[in-house]
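Written below as C-alpha cells is the structure these notes are about.
So that the names make sense, note that chain A is the first sequence line, chain B the second, and so on, each numbered from 1. If you're wondering where the values come from, they're calculated on a predicted model, not measured in any experiment.
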Number of protein chains: 2
Amino acid sequence: MTAPSRPDDHATGPTGPTAPTAPISTCAVAVDVALLTLRDGRLQLLLVQPDAGPFTTQWALPGRRVRDDESLDDTAHRALRELAGLSAPHAHLEQLRTYGDPTRDPRGRVVSVAYIALTPTVERHAGDGPLASGRARFFDVAELTDADGPHLAYDHDRIVPDALERARSKLEYTALATAFVAEPFTLGELRRVYEAVWGVELDVANFRRKVVHARDFVVEVEGTATPGPGGGRPAKRYRRGGATRLHPAMLRG
Amino acid sequence: MTAPSRPDDHATGPTGPTAPTAPISTCAVAVDVALLTLRDGRLQLLLVQPDAGPFTTQWALPGRRVRDDESLDDTAHRALRELAGLSAPHAHLEQLRTYGDPTRDPRGRVVSVAYIALTPTVERHAGDGPLASGRARFFDVAELTDADGPHLAYDHDRIVPDALERARSKLEYTALATAFVAEPFTLGELRRVYEAVWGVELDVANFRRKVVHARDFVVEVEGTATPGPGGGRPAKRYRRGGATRLHPAMLRG
DNA sequence: TCAATAGTGTCTTTTAGACATTATATG
DNA sequence: CATATAATGTCTAAAAGACACTATTGA
C-alpha cells in the first residue's frame, strides 16, 4: 500500500481547488512507549539504549516506526516486545499524545504517537533479552526528574513528564491504579501504588475507607495474603471492580 | 525535506540489525478539529461539507494534511481558517487523540491527529466565507448524537463522542469552561456552559458557591452586566483566574 | 514479648445538595 | 405590580482528614 496523494483534504478552502499544491508530503510515523511500573515500592520507567540513529549514547523510550496495516496499538506492543523483550498483552496501554514538532528528530520529520503502558512488577528476565543484557533498563522516575539524571534522546525528556502527569492525574479519577498490581491484590499493595506515583504517604485507614466506598473500584475475594517477613495481620484480597471512573474520586490533597 | 529512511527505530530488537527490512513506509498525517461552542444556549459542533474525496455527501470535521515544517497545532489552526474561515488564534486548542486505524480512510493509510477547539460564541459571518455559503455549519451535538442525525465522513463518528467526553470530563477538574465565554463574563453565562455541555440543570446558588470557592477559578472585576429583556438583577462580572486544575472540583452528580 | 501491618471506629472540618430569602432589574 | 435573574443564607448529608484503638501475624 502506498500513501494516497492528498487524503483528508476533503474540503476546499477559500483558495479553491485550483490553488497551487502546498508542500505536503508524508511523514514518518513512530510510536514511543512510556512503560511505568512499580519495583521495590518505587515508580520506575523503562528505557532502552539506542544502538542506531543519532542518539546511541543516550537512553530513550522504546519506539518503533508504524508499519503498513499495523494499528498504533500494535506498534506499541511491538516496540515493547522487540526493544525490551516484554510480551505484555495484558498491560494497560493508552495513548498519551502525539509529538509532531518538525525538528524533534534531527534526521527529518517524524511524528511520534506516545503511549503510556502500566504493568505490575516485571520479574527480571534470566534469559538473553534486552533486559538481561542491559540494553533495556528500569529507571527510578525520581532519578530521571532530577537535574543530574540522564538526559534522554530525541524529545523524550518532554514526553516523560507528560506521562507522569497523566498517570498521577488518572489515579485520582479512574481505577487506573489497579493496572499496577496483579490480581488478587491487597489494599496495602494498592496504597503503595498511590504513594509511589504521587510521592506522598497516605493514611492507611482513610485510604481503605475511600477505596471501599468508591463504587465498583475493588471487589473482595476469598482468602488472605500472607504477611511479609516483618509480620503483620494477614490482608484481605481484592480484584478489580467494574468501574473506570471513580465515584467518589481519590483526590490528592 | 524528505522523510528519513527509518528514524525512531533507534534501537535494535532481538532480530538484530541485519533483520530483513520490515514493510515500513511513511504515512499521510492529517489533523482534524472538533470545534465546540455555545450558540443559543446549546452546545454546537462545527462541521464542513467535503467537496473532494470519497465523502462529498457527508459532513466532516474540518481537517487538513500536515505540511512540511508545520507543527500539528499550526495545521489545526489552518484547517479552521481554510475550511471554516475562522481565524481563532485565541481559541483553546488541545490534542484529543490520534486515530491510526489502517482502514480509516478508504484511499489509504492516513493517521489523523484529532484536536478539540473551544471558543465563545462565533458571530455568523456576513461575508462570503464557508460559514456564510453553507459549506461549513454548526450542528447541535444533541442532533448528532441522535440515531437519526447525520452520519459523518471517515471515522469522525468515533472522534466526536471522544471529543464530547473529553470536554465533559475536563469541565469537572479544570477551568476549561471559561474557554467557552468571552471576558468579562457572568456566573450565569458560565453556568449555562456547564448546563449545555453536561446536558443538565444546575442549582444557581450551589453553582455560584462552588465556583467562588474553587481557588483561582474566576476573579471578580468591576461593573455589572445589564440584565436581559426579561429583567433580573444585574450580575457581577468576572474574568478567568490563574487556575488550570480546580480545587475543589466541579463534580457531576 | 515487640514490631509490623491490617482493619475498625470516632471526631472534626469541608464540601455538596436542597431550598428559603433577599436584591435589583424589565415590562 | 408580576416576573426574571442574581446573590446570600441555612440546614442536612456526604466525604475528607486526623487519629485512637483493636486484630493478627513474624521474629
Side-chain angles (χ1 to χ4, degrees), chain A residues 40-41 171-173 181 184-196 198 200-239 243 245-253, chain B residues 40-41 171-173 181 184-196 198 200-239 243 245-253:
Chain A
D40 306 322
L171 248 54
E172 295 193 271
Y173 306 114
V181 291
F185 52 85
T186 69
L187 295 194
E189 291 166 348
L190 192 62
R191 178 171 47 81
R192 281 182 281 276
V193 170
Y194 279 89
E195 291 178 333
W198 285 350
V200 297
E201 285 218 338
L202 298 176
D203 182 275
V204 184
N206 293 335
F207 179 83
R208 158 174 295 276
R209 174 164 45 78
K210 286 165 75 169
V211 169
V212 171
H213 284 190
R215 268 78 77 184
D216 298 316
F217 188 8
V218 297
V219 177
E220 193 176 339
V221 296
E222 269 299 302
T224 56
T226 57
R233 174 172 169 177
K236 293 180 182 175
R237 293 150 75 103
Y238 298 82
R239 60 173 174 82
R245 297 183 66 81
L246 298 183
H247 299 283
M250 307 280 297
L251 299 176
R252 291 180 274 192
Chain B
D40 308 321
L171 248 55
E172 294 192 273
Y173 306 114
V181 292
F185 51 86
T186 69
L187 295 194
E189 291 165 350
L190 192 62
R191 178 172 47 81
R192 280 183 281 275
V193 170
Y194 279 88
E195 292 178 333
W198 286 349
V200 297
E201 286 219 337
L202 298 176
D203 182 276
V204 184
N206 293 335
F207 179 84
R208 157 173 297 275
R209 173 163 45 78
K210 287 164 74 169
V211 169
V212 171
H213 284 189
R215 269 78 78 185
D216 297 318
F217 188 9
V218 298
V219 177
E220 192 176 339
V221 296
E222 269 299 303
T224 56
T226 57
R233 174 171 168 177
K236 294 181 182 176
R237 292 148 75 102
Y238 298 82
R239 60 171 175 83
R245 296 183 67 82
L246 298 183
H247 298 283
M250 308 281 296
L251 299 176
R252 291 181 273 191

How long is the line joining [atom1] of [X] and [atom2] of [N], in whole Å?
X: A:D203; N: C:dA6; atom1: CG; atom2: C1'; value: 13 Å
X: B:L202; N: D:dA6; atom1: CG; atom2: C1'; value: 16 Å
X: A:E172; N: D:dA16; atom1: CD; atom2: P; value: 12 Å
X: B:H247; N: C:dA16; atom1: NE2; atom2: P; value: 13 Å
X: A:F207; N: C:dA6; atom1: CZ; atom2: P; value: 11 Å
X: B:L246; N: C:dT15; atom1: CG; atom2: P; value: 13 Å
X: A:K236; N: D:dT25; atom1: NZ; atom2: C1'; value: 16 Å
X: B:M250; N: C:dG17; atom1: CE; atom2: P; value: 10 Å

Spacing of [X] atom [atom1] and [Y] atom [atom2] [to the nearest 0.5 Å]:
X: A:D203; Y: A:R191; atom1: CG; atom2: CZ; value: 9.0 Å
X: A:F217; Y: A:L246; atom1: CZ; atom2: CG; value: 5.0 Å
X: A:L187; Y: A:Y238; atom1: CG; atom2: OH; value: 4.5 Å
X: B:L251; Y: A:H247; atom1: CG; atom2: NE2; value: 8.5 Å
X: B:E222; Y: B:R237; atom1: CD; atom2: CZ; value: 10.0 Å

### Query
At their closest point, which heavy atom of A:E189 faces which heavy atom of A:P184, and how far apart are they?
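Scanning both residues, the minimum pair turns out to be OE1-O, 4.3 Å.
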
### Query
Do any N or O atoms from the side chain of A:E172 and from the backbone of A:A249 form a donor-acceptor pair under 3.5 angstrom?
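No: the side chain of A:E172 does not pair with the backbone of A:A249.
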
Using nucleotides 2-5 of chain C, report all nitrogen or oxygen pairs with the protein that are shorter than 3.5 Å.
| unit_1 | atom_1 | unit_2 | atom_2 | d |
| --- | --- | --- | --- | --- |
| C:dA4 | O4' | A:G230 | O | 3.4 |
| C:dA4 | N3 | A:G232 | N | 3.3 |
| C:dT5 | O2 | A:R233 | N | 2.9 |

### Summary
Side-chain contact check for B:N206: nearest option of D:dA15, C:dG17, C:dA20 is C:dG17

#### Entry: Closest listed nucleotide, where the reference is the side chain of B:K210 and the choices are D:dA16, C:dA16, D:dG17
C:dA16

### Query
Taking the side chain as C-beta and beyond, is there a heavy-atom pair between B:L171 and B:M250 under 4.5 Å?
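B:L171 vs B:M250: side chains apart.
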
## Note on the structure
Ranking A:P248 and B:L187 by the position along DNA chain D of their nearest nucleotide, the one closer to 5' is B:L187

### Task
Residues of residues 219-228 of chain A with any non-hydrogen atom less than 4.0 angstrom from an atom of DNA chain C: list those, numerically ordered, please.
none

### Non-neighbouring partners of B:R209 that pass side-chain hydrogen bond (donor to acceptor under 3.5 Å, both in side chains), sequence neighbours left out
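If we apply the side-chain hydrogen bond (donor to acceptor under 3.5 Å, both in side chains) test to B:R209, skipping adjacent residues, the hits are B:N206.
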
#### Entry: Base of C:dG9 paired with side chain of A:R209 (donor-acceptor, under 3.5 Å)
no

### Query
Below 4.0 angstrom from OP1 or OP2 of C:dT15, is there any side-chain N or O of B:R215?
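Yes.
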
### Task
Under 4.0 Å between any heavy atoms, over every strand shown, what does B:A214 touch: base, sugar-phosphate, or nothing? Just pick one.
nothing

